Amino acid sequence: MENQPHIHIDRYERRWIALVTVMLGVFFATLLVGSTFFNVNPSGQGGFVNPNLLEETMFASPGLRHLGENRYEAVILAQTWNFVPAQMTVPEGAEVTFYITSRDVIHGFMIEEHNVNFEVIPGHISQARIHFNEAGTYKMLCHQYCGRLHQAMHADIIVEEVEQTVAVSE
Ligand code: CUA
């Protein structure tokens with residue numbers, strides 16, 4: 001009695017399977033070598049943080065801080081399914097340095113019409129300096145699928161118009 005099913009795999013199919021297996025091995029090896037020896041990290045690398053001890057770091061109190069002149073620091077915590085804080089307001093022309101990490105799973109971070117696009121990974125701090133030169137309301141969006149309410153995960157940055165002081169000479 002034969003109860004061992006015999007699956008016939010075509011000779012060429014077998015070669016392709018072998019080739020793909022080898023390629024995946026090579027890709028995995030390049031990732032390992034890159035991260036181990038060449039310091040290849042997710043974009044916007046701004047350091048590391050223990051995601052289980054966030055209350056002992058700057059992420060204990062996320063928010064916007066004024067650094068002077070028109071410079072700000074925005075510490076943002078990404079979690080299922082929102083960003084903390086949910087809204088920030090800066091004046092036109094502001095230069096904002098963002099520090100972002102995740103408390104749980106991998107999220108994404110981008111700001112409409114601005115040059116920033118991260119994967120937000122637990123344990124990593126993503127950092128970017130962005131100038132907001134035009135007044136308006138811009139969405140900060142999670143663009144990495146992170147679960148049931150991923151599509152609801154966004155926050156606003158409001159850039160307020162600065163009134164021009166016109167010097168009038170009489
Ligand atoms: Cu967070 Cu999608």
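On a predicted model such as this, the values are computed, not experimentally measured, just so you know. Atoms within each ligand, like the ligands themselves, are counted from 1 in listed order.
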For this session: With atom 2 (Cu) of ligand 1 as the reference point, give the N/O/S atom of H150 that is nearest.
Result: ND1
Exercise. Counting backbone and side chain alike, does T80 bring an N/O/S atom below 2.8 Å of atom 1 (Cu) of ligand 1?
Worked result: no
Exercise. Under 3.5 Å, is there a donor-acceptor pair between the H131 and E95 side chains?
Worked result: yes
Exercise. Using the ring of each side chain (for Trp, its six-membered ring), is Y138 parallel, tilted or perpendicular to H114, with breaks at 30° and 60°?
Worked result: perpendicular
Exercise. Cut-off 3.5 Å, side chains only: do T80 and D104 have a donor facing an acceptor?
Worked result: yes
Problem set entry | Atom of Y99, atom of E73 and distance for their closest heavy-atom approach | CE1-CG, 3.6 Å
Problem set entry | H107 atom ND1 and C146 atom SG as seen from atom 1 (Cu) of ligand 1, angle to 10 degrees | 100°
Problem set entry | N/O/S from Q144 sitting under 2.8 Å away from atom 2 (Cu) of ligand 1 | yes
Problem set entry | N, O or S of C142 under 2.8 Å from atom 1 (Cu) of ligand 1 | yes
For this session: Taking the six-membered ring for Trp and the full ring for Phe, Tyr or His, determine whether the centres of H154 and F83 are under 6.0 Å apart.
Result: no
